[in-house]
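A quick write-up on the structure given underneath.
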Amino acid sequence: MKTLLQRVNVLMLGALMATPLMSAPLQAADLTDVQQIVDQANLASYYQGKDGRSEVRMLITDGQGREQLRQFTILRYDVADAGDQYFYVAFSRPADVRDTVFMVAKHVDRDDDRWLYLPGLDLVKRISAGDKRTSFVGSHFFYEDVSGRNPAEDNFELISTDDSFYHLKATPKDPASVEFASYTLAVDKHTMLPMKIEYTDAGGKLYRRVEALEVKEIQGYPTVISNKVSDLRSGGQTLMQFGFMKYDIGLDESVFSERSLRNPPRDWLRRPQ
Amino acid sequence: MRSALIAALLLAAPAAFAAGDTATDSADWGGDAWGGDSWSQDQSASRLHGFFEAGIGARIQDDPLLEDDLTLGETRGRLEWAGELGSARYSLKGDLYADAVENGLHGDLREAVLSFTPLQQVDIQAGQQVLTWGTGDMLFLNDMFPKDWKSFFAGRDESYLKAPAASIKGSYFADSFSVDLVWTPLFESDRYIDGERFSYFSPLSGGYQAAPDGKLSADDPDDLPEDGELAARISGLSGATEWALYGYRGFWKQPMGMDSLGHAIFPRLDVYGASLRGTLGGGIANAEVAWYDGKDSGGDDPLIPNDQLRLLLGYDHEIVPHLTGAGQYYVEWTQDYDALRRTSAADYRADQFRHVLTFRLTWKLMQDNLTLSWFNYWSPSDQDYYLRPQASYRFDDHWTLSGGANLFGGKQEHTFFGQFENASNVWARLRYGF
């Protein structure tokens with residue numbers, strides 16, 4: 001399960017977190033070590049810069065074509081590259097989640113710590129690790145997609161390499177913990193960003209797809225600024241866009257605290273000029 | 001006549017808002033969305049938000065003391081406005097509602113605060129505000145901020161369980177811990193069950209009481225500054241575990257005592273406590289303890305509550321994807337029980353140990369648009385219960401329809417939840433948020 005999410009995640013927030021692995025992508029020779037590809041894709045997707053800020057919006061369309069919107073600002077801080085990270089997500093719409101805050105302390109070696117702040121009750125709520133595989137605020141993305149999935153939870157193989165992509169296949173180390181049997185990734189050889197991830201269920205049927213729709217270089221980091229997740233069973237999809245994104249804004253760990261849950265760090269959340 | 005009025009109220013809110021609809025939002029996604037107005041406006045310093053809501057609820061059995069079967073009947077408008085004043089921030093949230101149960105138009109100032117950071121490590125938040133701390137789920141040990149039990153029982157949105165108070169909150173943030181101090185200069189009681197809307201059991205009369213004759217009224221302690229409330233917390237995060245120490249100086253939040261003339265009073269109360277909350281086995285575990293130190297240290301004054309030790313243990317875990325379960329064990333241990341036994345009548349005396357178990361299930365369906373939830377209190381010692389089933393459906397980003405029930409019952413008429421058997425009700429609410 002996690003894997004799935006994570007992958008998805010990679011795409012999604014990846015955008016946000018565009019990575020600095022630029023040097024690797026520029027090399028002429030193809031990579032042949034799958035672990036190296038996975039590691040670089042993980043960094044490219046989630047660990048760009050030391051930190052980052054972005055505004056995000058999602059257009060959620062269900063199988064009947066009904067639309068909903070979500071909008072939030074996200075702050076990210078890396079404790080270490082490919083290691084622990086913090087995410088702070090402050091919602092601005094719709095009305096029923098406005099001013100709600102979601103915060104994750106992502107750990108590589110143990111369960112993530114996650115909090116939700118509900119402004120109506122002034123309540124700081126702790127969320128258990130389990131439900132990270134469920135919908136993130138009603139979208140087709142999962143909670144875990146916001147903070148990334150640990151690559152160590154899957155086994156990867158390099159299926160093929162063509163002019164543009166490394167094609168990988170991943171299978172979960174603990175199949176019972178995820179809802180997919182496997183997924184494939186097409187990793188851009190130049191940016192090392194996964195451009196398409198497709199999930200297959202136990203019956204061998206493709207049921208979920210995450211695609212990067214637009215990549216832009218921001219402060220030298222190739223960054224996914226638009227992506228889409230499609231639920232092929234229901235026909236629903238969520239389009240996600242990133243805007244006003246900035247890396248290396250100088251965040252520090254103390255921003256990711258209960259203080260910020262109750263009293264949002266407005267200077268950091270403010271749109272960069 | 002009454003029902004016609006309610007129907008009209010229910011219909012009014014939707015009609016008023018049909019005009020402002022979601023289509024405009026979607027349109028913004030057409031071109032280059034990032035330059036569009038809809039992005040800019042959310043960053044602007046102030047903007048008006050809120051909701052309109054119509055709600056109705058009724059008893060499922062007669063209450064012989066209350067003629068009105070209606071337990072909820074209102075249309076409510078909420079407006080929220082926030083902005084910046086230099087480096088400070090202000091936030092206003094106010095409700096106006098037409099109430100068919102307690103007839104009339106009512107206002108409720110939910111928030112009017114000014115927040116600022118005078119020093120890098122200090123936050124001040126002053127004004128009318130809702131505050132919450134502690135680890136319990138619908139159980140409060142060290143959280144002595146005012147609750148609104150009437151709203152809770154009537155099926156209003158859960159956020160109304162916390163009532164606002166005019167307070168000043170100062171917080172100091174060190175590297176490994178933080179300190180919060182909350183001063184409420186004028187005591188703010190709970191909005192407790194007083195016989196309006198719901199009847200209650202009076203041990204004094206040995207029977208049920210309701211407004212107007214049996215309205216439970218007590219004078220709030222109002223001498224400045226000695227009757228103010230002071231609440232403090234020192235808290236921190238150690239690894240994945242949150243810890244906190246609490247202190248409170250004030251009064252019982254409901255009129256739990258009586259003076260020598262038989263008038264209900266809010267007895268003095270100090271509370272000291274601690275809590276832990278952290279991850280355990282893929283779920284969240286919490287423990288909290290509180291010492292309720294009243295003014296009846298010998299326990300032999302039948303007019304005011306004895307001291308209590310309160311303990312809470314809780315655990316929250318995902319059962320399967322989309323379905324979360326949580327359970328709590330809570331106990332109130334009345335101290336000096338022998339003295340209480342000597343000096344008070346046995347009939348309606350609380351047990352030495354009041355045990356309560358709660359269970360919560362939350363099931364999210366249809367891409368989170370449908371939420372089914374269950375919460376119950378059950379006391380094996382009082383042999384009573386309070387069940388709160390609820391369903392909520394989100395039609396879109398604006399419209400939400402909710403329905404549920406508040407079901408009380410028990411073997412005896414005087415116990416904590418058992419006394420509200422006649423208050424059992426079903427309710428529905430339709431909300432338009434903007």
Side-chain angles (χ1 to χ4, degrees), chain A residues 1 55 57 59-60 62 66-71 73 92-96 98-99 105 107 110-113 118-140 179 225-226 231 234 236 239 241-244 254 257-259 262-263 266 269-271, chain B residues 22 25-26 29 33-34 38-39 42-43 49-51 80 84 89 110 115 117 123 125 129-133 135 145 157-162 171 173 175 178 235 237 240 242 277-279 282-284 286 316-319 321-322 324 364 366-369 394 396-398 400 431-434:
Chain A
M1 183 63 188
E55 285 166 50
R57 60 184 189 175
L59 175 61
I60 305 162
D62 71 12
R66 291 174 296 199
E67 295 182 345
Q68 295 190 14
L69 284 176
R70 303 288 182 269
Q71 190 167 326
T73 301
S92 48
R93 73 164 136 166
D96 55 346
R98 197 171 52 84
D99 294 340
H107 304 293
R110 61 179 169 94
D111 278 343
D112 298 348
D113 297 312
L118 305 174
L121 285 163
D122 184 42
L123 179 66
V124 173
K125 195 178 167 187
R126 196 88 180 250
I127 317 176
S128 63
D131 34 17
K132 68 170 89 170
R133 290 141 8 208
T134 56
S135 165
F136 178 63
V137 292
S139 74
H140 296 86
E179 84 282 9
I225 59 163
S226 171
D231 178 343
S234 71
L239 182 67
Q241 296 179 316
F242 298 84
F244 308 102
S254 70
S257 62
E258 186 181 319
R259 180 186 195 176
R262 293 183 188 266
N263 190 7
R266 293 174 207 289
L269 292 169
R270 198 162 284 134
R271 187 175 290 172
Chain B
T22 63
D25 289 343
S26 312
W29 283 78
W34 300 106
S38 73
W39 281 95
D42 278 294
Q43 281 280 325
H49 291 280
F51 61 79
E80 304 186 358
E84 289 177 12
R89 186 171 186 278
R110 304 293 303 176
S115 318
T117 301
D123 285 347
Q125 193 163 305
Q129 55 190 311
V130 167
L131 293 169
T132 297
W133 62 38
T135 65
F145 305 112
D157 184 81
E158 246 164 45
S159 62
Y160 286 96
L161 172 57
K162 297 304 295 258
S171 304
F173 303 94
D175 285 345
S178 59
S235 61
L237 179 66
E242 297 162 286
R277 181 167 67 178
T279 50
I284 304 295
N286 62 289
D316 181 330
H317 199 282
E318 182 194 56
I319 299 170
H322 310 293
T324 306
K364 298 208 167 209
M366 302 172 69
Q367 203 71 36
D368 284 8
N369 287 318
R394 230 176 152 275
D396 56 29
D397 287 341
H398 298 291
T400 304
R431 177 182 288 203
Y432 177 90
F434 61 93

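Please read these numbers as outputs of a predicted model, since none were measured by experiment. Below, chain A is the first sequence line, B the second, and so on; all start at residue 1.
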- Query: Using a cut-off of under 4.5 Å for heavy-atom pairs, which of A:V137, A:V124, A:L123 has the most such pairs with chain B?
  - Reply: A:V124
- Message: Just so I understand: if I count every heavy-atom pair under 4.5 Å between each of A:A95, A:G138, A:G120 and chain B, which residue has the most?
- Response: A:G138
- Message: So that I can tick it off, tell me whether B:K162 and A:D122 are bridged by a salt bridge, with the cut-off set at under 4.0 angstrom between side-chain N and carboxylate O.
- Response: no
Quick one: what part of [X] sits under 4.5 Å from any heavy atom of chain A, side chain, backbone, both or neither?
| X | result |
| --- | --- |
| B:I319 | neither |
| B:T117 | side chain |
| B:T279 | both |

- Listed by chain and number, what are the side-chain hydrogen bond (donor to acceptor under 3.5 Å, both in side chains) partners of B:R277, not counting sequence neighbours? B:E242
- Query: Taking only residues two or more places apart in sequence or in another chain, which ones pass side-chain hydrogen bond (donor to acceptor under 3.5 Å, both in side chains) with A:E258?
  - Reply: A:R262, B:R233
- Check whether any side-chain heavy atom of A:S226 lies under 4.5 Å from a side-chain heavy atom of A:L239, and answer yes or no. yes
- Task: Select one option (side chain, backbone, both, neither) describing which atoms of A:R66 are under 4.5 Å from chain B's heavy atoms.
- Result: side chain
- Note on the structure: Heaviest contributor of heavy-atom pairs below 4.5 Å to chain A, chosen from B:R394, B:K364, B:R110, is B:R394
- Message: Is the ring pair B:F145/B:W133 parallel, tilted or perpendicular, if the boundaries are 30 and 60 degrees?
- Response: perpendicular
- Please check if any side-chain donor atom of A:Q68 sits under 3.5 Å from a side-chain acceptor atom of B:N369, or the reverse. yes
